[in-house]
2 protein chains.
Amino acid sequence: MISKKTKYAINALVYLARENRGNEPIQISKIAESENIPRKFLEAILLDLRNAGMLSSKKGKAGGYYLHKSPEEINIAEVMRLFDGPIALLPCVTHAYYERCEECKDEATCGIRSVFLDVRNETVNMLKMATLSQIISRSEHLNEEKKK
Amino acid sequence: MISKKTKYAINALVYLARENRGNEPIQISKIAESENIPRKFLEAILLDLRNAGMLSSKKGKAGGYYLHKSPEEINIAEVMRLFDGPIALLPCVTHAYYERCEECKDEATCGIRSVFLDVRNETVNMLKMATLSQIISRSEHLNEEKKK
DNA sequence: TTAAATTCCTATTATTTCGATAGGAATTAT
DNA sequence: ATAATTCCTATCGAAATAATAGGAATTTAA
């Protein structure tokens, strides 16, 4: 399971992508209220997203957050990695965070690793395709279906 | 990431599938030593696998564990669910453990859910295909490759 | 120039999960 | 009987998770 932090982050980003006409800063409290996220917790999350270059902020009165990158450039893989670390299910099949399994006899011929490598690759592909834009258009599509 | 418990369990199962000619019970200590798993920890794991119907055991002197099902019938998805719970990354896209996301406004039109539903389905498919037999044959393949 | 509204930053806390160990009861082969 | 083994319950420390607290810094606007 992904952490609540990641889930909240994705929801906040999608909200900003939807709301952001003209990149006006939107306040934490507004996002928190709309997306049902604990205010103070969201504060920390948005700060991390800003430090990671996905959001920008404006301080002081009438300040707030807005997307720094375009909705096509922000994907779920990136957000998950930021808060939950590697997407892979085994340390020996991650790219950036690679770590050998202590108990493993021979990584090169490990059938278990081979399975989890395939799973990782497929998952990362899907999550990289899942940009804010894609999420929004999926949602619109589902809305059409619902009306029928 | 999967837990060490799950990783140890898969390794133990693969070991038993490889070793089991004639279903003679193999002792915990032997498995623990061969697979580099803490003895007492493995004890608890094997017990769970037995209660889940994947292993059988024989008590007392010359006792031990052996596969209850055939290596084609035991897959990674089942083992992961036993120790780590749902495979899905969001509670709202699991089958057996379904739980609504508290903060969610409308599940039916949630684009985020839609993404994670696809990921779950793909992952579960791959992990169900990954039986002990498949793992062993993957490993044999990798061995052939290595020799070249 | 002061007040109000906001982000920024660091610390702290409670709860749960993870990885493992301890100790002995029950069972079985010899 | 004895030795070897699984079975079972309880416990423990460390880490991760989800959140809150409190105030410093910044900015707008009256």
Side-chain angles (χ1 to χ4, degrees), chain A residues 1-12 16 24-33 35-52 54-66 68 80-86 89-91 97 99 101-103, chain B residues 1-12 16 24-33 35-52 54-68 80 82-86 89-91 97 99 101-103:
Chain A
M1 293 271 175
I2 63 173
S3 65
K4 290 206 166 189
K5 225 169 176 172
T6 297
K7 216 204 302 185
Y8 291 156
I10 299 171
N11 274 292
L16 287 174
E24 282 178 3
I26 298 180
Q27 292 128 35
I28 297 176
S29 346
K30 195 175 172 196
I31 306 172
E33 201 173 333
E35 301 302 310
N36 304 312
I37 304 171
R39 161 71 210 284
K40 269 294 193 181
F41 199 22
L42 180 60
E43 212 175 298
I45 292 167
L46 295 176
L47 213 46
D48 286 343
L49 289 171
R50 177 181 154 279
N51 290 334
M54 289 180 250
L55 296 182
S56 283
S57 63
K58 191 184 167 192
K59 287 186 200 170
K61 195 169 178 179
Y65 284 93
Y66 53 96
H68 182 67
M80 280 180 62
R81 288 207 178 101
L82 179 62
F83 294 107
D84 292 346
L89 293 171
L90 282 183
Y97 301 83
E99 221 172 305
C101 290
E102 320 154 54
E103 74 278 7
Chain B
M1 293 270 174
I2 62 173
S3 65
K4 292 209 165 185
K5 226 167 176 175
T6 297
K7 217 203 303 184
Y8 291 155
I10 299 171
N11 274 291
L16 288 174
E24 281 178 5
I26 297 179
Q27 292 127 36
I28 298 177
S29 345
K30 195 175 173 199
I31 306 172
E33 201 173 335
E35 299 302 310
N36 303 312
I37 304 171
R39 161 74 208 283
K40 268 294 192 180
F41 199 22
L42 181 58
E43 211 175 300
I45 293 167
L46 295 177
L47 213 46
D48 286 343
L49 289 170
R50 177 181 153 280
N51 291 331
M54 290 180 248
L55 296 182
S56 284
S57 64
K58 190 184 168 192
K59 287 187 200 171
K61 195 169 180 181
Y65 284 93
Y66 53 96
L67 292 189
H68 182 68
M80 280 180 62
L82 179 63
F83 294 108
D84 292 347
L89 293 169
L90 282 183
Y97 302 83
E99 221 172 304
C101 290
E102 321 155 54
E103 74 278 7

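Numbered from 1 within each chain, the chains take letters A, B, ... in sequence-line order.
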Those residues of residues 3-11 of chain B lying under 4.0 Å from DNA chain D by at least one heavy atom
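Correct list: empty, so none.
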Interatomic spacing from [atom1] in [X] to [atom2] in [Y] - rounded to 0.5 Å:
X: A:Y65; Y: A:M54; atom1: OH; atom2: CE; answer: 13.0 Å
X: A:Y97; Y: A:R81; atom1: OH; atom2: CZ; answer: 7.5 Å
X: B:E35; Y: B:I10; atom1: CD; atom2: CD1; answer: 12.0 Å
X: B:L49; Y: B:L46; atom1: CG; atom2: CG; answer: 6.0 Å
X: A:K7; Y: A:I37; atom1: NZ; atom2: CD1; answer: 10.0 Å
X: B:M1; Y: B:S3; atom1: CE; atom2: OG; answer: 12.0 Å

OP1 or OP2 of D:dA19 under 4.0 Å from side-chain N/O of A:R39
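No, because none of the side-chain N or O atoms of A:R39 sits under 4.0 Å from OP1 or OP2 of D:dA19.
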Does A:S29 make a side-chain N or O approach to OP1 or OP2 of C:dT6 shorter than 4.0 Å?
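The answer is no; no side-chain N or O of A:S29 sits under 4.0 Å from OP1 or OP2.
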Short heteroatom pairs, N/O only, protein and nucleotides 13-15 of chain D, under 3.5 Å:
none

A correct 5'-to-3' footprint of nucleotides 22-30 of chain D, with B, S and - meaning base, sugar-phosphate only and no protein heavy atom under 4.0 Å, is BB--BBB--
In B/S/- notation, 5' to 3', how is nucleotides 12-17 of chain C contacted by protein heavy atoms closer than 4.0 Å?
------
Ignoring the backbone of A:I28, work out which of D:dT5, C:dT7, D:dC7 is nearest its side chain.
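The answer is C:dT7.
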How close or far is atom [atom2] of [N] from atom [atom1] of [X], stated in whole angstroms?
X: A:I45; N: D:dT20; atom1: CD1; atom2: P; answer: 11 Å
X: A:L47; N: C:dT6; atom1: CG; atom2: C1'; answer: 13 Å
X: A:E102; N: C:dC18; atom1: CD; atom2: C1'; answer: 14 Å
X: B:Y65; N: D:dT6; atom1: OH; atom2: P; answer: 7 Å

Go through the structure and list residues passing side chain to side chain donor-acceptor pair (under 3.5 Å) with A:S57, not counting sequence neighbours.
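If we apply the side chain to side chain donor-acceptor pair (under 3.5 Å) test to A:S57, skipping adjacent residues, the hits are A:R50.
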Under the ring pair (Phe, Tyr, Trp, His ring centres under 6.0 Å) test, residues paired with A:F41 that sit two or more places apart:
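Result, ring pair (Phe, Tyr, Trp, His ring centres under 6.0 Å) vs A:F41: A:Y8.
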Where do A:N11 and B:E103 come nearest, in terms of heavy atoms and distance?
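Looks like ND2-OE2, 4.3 Å.
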So which atom in A:A12 and which in A:I31 form the shortest heavy-atom distance, rounded to 0.1 Å?
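Heavy atoms only, the tightest pair is CB-CG2, 4.0 Å.
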Min side-chain heavy-atom separation A:E102-B:K4 under 4.5 Å
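Touching, per the 4.5 Å side-chain cut-off.
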Could you walk me through whether A:M80 and B:L89 pass side-chain contact (heavy atoms from CB on, under 4.5 Å), step by step?
CA-CA 11 Å; A:M80 280 180 62; B:L89 293 169; 4.2 Å; yes
